Amino acid sequence: MRVPPQLRLLFVNTAEFIAVGTTQLIEFSRQAIDQITAKTSLEAANFENVLLPLAHCRDSIAAEAGISGFYKEVSSDANLRDASSRSKL
């Protein structure tokens with residue numbers, strides 16, 4: 001018998017977990033934007049100090065949001081599906 005290369009994925013999140021996670025992702029995004037605007041003047045703005053950090057932030061959010069959004073398609077729990085639908089970022 002072969003052993004799988006990794007543990008199987010467990011989908012055990014709750015509606016509350018999705019809601020809290022969404023709030024945290026929004027706050028993460030706000031902090032990234034606040035940090036960029038606090039330390040970058042309009043004249044000094046460029047790809048390296050504005051767009052690149054925003055792209056990294058977006059990538060981080062997309063990875064987490066994709067997982068949260070997955071539940072709206074597959075969960076048998078109506079509350080979890082609803083929370084997942086509301087969490088769309």
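What you are looking at is a predicted structure, and each value in this text was computed from that prediction instead of being measured.
One distance of note links CG of D77 with CZ of R81; it measures 7.5 Å at 0.5 Å rounding. The structure places OG of S85 at 9.5 Å from CG of L80, a figure rounded to the nearest 0.5 Å. Rounded to the nearest 0.5 Å, atoms OG (S87) and CD1 (I67) are 11.5 Å apart. Rounded to the nearest 0.5 Å, atoms CD1 (I18) and OH (Y71) are 6.0 Å apart.
Side chain of S75 to main chain of K72: no donor-acceptor pair is present (N/O by atom type, distance under 3.5 Å, no hydrogens or angles). No side-chain donor-acceptor contact under 3.5 Å links S68 to the backbone of S84.
A pairwise comparison of heavy atoms in A45 and T40 identifies CA-CG2, 3.7 Å as the closest pair. Smallest separation of non-hydrogen atoms from F47 and P53: O-CD, 4.2 Å. Here the shortest heavy-atom pairing between I61 and S29 reads CD1-CB, 3.6 Å.
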Test side-chain contact (heavy atoms from CB on, under 4.5 Å) on N46 and L51; report intermediate values, then the result.
CA-CA 7 Å; N46 59 40; L51 294 178; over 6 Å; no

Given side-chain contact (heavy atoms from CB on, under 4.5 Å), test N49 with I36 step by step and report yes or no.
CA-CA 7 Å; N49 62 14; I36 291 167; over 6 Å; no

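Under the 4.5 Å side-chain heavy-atom criterion for grouping Ile, Leu, Val, Met, Phe, Trp and Tyr, I33 is connected to V50 within one hydrophobic cluster.
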